[in-house]
Amino acid sequence: QVQLVEHGGGLVQAGGSLRLSCAASGSIVAINTMYWYRQAPGKQRELVASITSGGSTNYADSVKGRFTISRDNAKNMVYLQMNSLKPEDTAVYYCKMWIRTWNLAQPARDYWGQGTQVTVSS
């Protein structure tokens, strides 16, 4: 019942900016931490950034100072503002949220988006 959908991926030149968004919909009671991951072909999926329900953020060293994660609790959305993009940022970006639903028979768990491609050219 819960679905996460990402938007905002695309092709940009090195040094450019891109803003990703991810919206959760369905029978949602509460969302705790929200996350952005990325995965390049043949590479391990990497945690890029996270933001707690209280707004505390953490970033991978590779993106710290360039990326900013934020959330809109009223809209069940998480964003990733990406500045000073580098070719090494090229990957499929996925959002993930830990969600409690109205289905009391199902424990709270992670939900994943379908991913959005970000390509940074040099």
Side-chain angles (χ1 to χ4, degrees):
Q1 292 181 336
V2 173
Q3 292 185 326
L4 275 60
V5 179
E6 300 101 332
H7 293 285
L11 174 63
V12 298
Q13 292 189 337
S17 297
L18 209 58
R19 189 182 193 227
L20 306 182
S21 65
C22 176
S25 62
S27 301
I28 298 171
V29 173
I31 304 175
N32 292 322
T33 305
M34 299 179 176
Y35 311 80
W36 283 101
Y37 289 80
R38 68 186 182 187
Q39 187 168 24
K43 301 293 180 61
Q44 178 74 37
R45 184 167 295 188
E46 173 190 21
L47 176 61
V48 175
S50 65
I51 182 167
T52 69
S53 60
S56 297
T57 59
N58 284 287
Y59 298 91
D61 290 341
S62 59
V63 307
K64 195 173 184 65
R66 299 186 298 120
F67 290 10
T68 302
I69 188 172
S70 60
R71 65 190 285 165
D72 186 333
N73 292 327
K75 294 181 172 64
N76 292 333
M77 294 189 69
V78 62
Y79 306 89
L80 186 67
Q81 178 66 46
M82 304 183 293
N83 299 324
S84 302
L85 283 163
K86 305 174 181 179
E88 64 196 56
D89 296 319
T90 295
V92 177
Y93 284 70
Y94 300 88
C95 65
K96 184 185 77 173
M97 304 183 189
W98 182 265
I99 297 176
R100 169 74 64 186
T101 74
W102 285 110
N103 184 359
L104 299 181
Q106 182 176 355
R109 67 173 181 88
D110 285 331
Y111 291 83
W112 289 87
Q114 84 286 355
T116 185
Q117 177 70 48
V118 172
T119 302
V120 184
S121 62
S122 60

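Between M82 and V118 the shortest side-chain heavy-atom distance falls below 4.5 Å. Using a 4.5 Å cut-off on side-chain heavy atoms (C-beta onward), Q1 and W102 make no contact. Between N76 and M97 there is no side-chain heavy-atom pair separated by less than 4.5 Å. By the 4.5 Å heavy-atom criterion applied to side chains, W36 and C22 are counted as neighbours. Residues L85 and N83 fail the side-chain proximity criterion, which asks for heavy atoms closer than 4.5 Å. The side-chain heavy atoms of R100 and R109, taken from C-beta on, include no pair separated by under 4.5 Å. The closest side-chain heavy-atom distance from S50 to M34 is not below 4.5 Å. Counting heavy atoms from C-beta on, the side chains of F67 and L18 never come closer than 4.5 Å.
Contact record, P87 with S122: CG-CB, 3.7 Å, taken as the closest heavy-atom pair. Shortest non-hydrogen contact noted between R66 and S84 is NH1-O, 3.0 Å. Shortest non-hydrogen contact noted between S62 and E46 is OG-OE2, 3.3 Å. Taking both residues in full, the closest heavy atoms of I51 and R71 are given as O-NH1, 3.3 Å, listed atom of the first, atom of the second, then distance.
The structure places OG1 of T116 at 6.0 Å from CG of L20, a figure rounded to the nearest 0.5 Å. A distance of 10.0 Å separates OG1 in T33 from CH2 in W98, rounded to the nearest 0.5 Å. Between the CD atom of E6 and the CE atom of M77 there is a distance of 10.5 Å, given to the nearest 0.5 Å.
The aromatic rings of W112 and Y94 sit perpendicular to each other, their planes meeting at more than 60°, with 30° as the lower class boundary.
Under a hydrophobic clustering in which Ile, Leu, Val, Met, Phe, Trp and Tyr are joined whenever their side-chain heavy atoms come within less than 4.5 Å, directly or via other members, L47 and V92 fall into the same cluster.
Enclosure of atom CD in Q114 by more than 12 non-hydrogen atoms of other residues, nucleotides or ligands within 6.0 angstrom is indicated.
Counting only N and O atoms by type, the side chains of S53 and N32 include no donor and acceptor under 3.5 Å apart. When only modelled atom types and interatomic distance are considered, Y37 and R45 share no side-chain donor-acceptor pair under 3.5 Å.
Counting only distance, with no hydrogens or angles, the side chain of T90 and the backbone of T119 share no donor-acceptor pair below 3.5 Å. Checking side-chain atoms of Y59 against main-chain N and O of I69 turns up a donor-acceptor pair under 3.5 Å.
For K96 and Y35, the positive end sits near the middle of the six-membered ring, less than 6.0 Å away and at most 45° from its axis.
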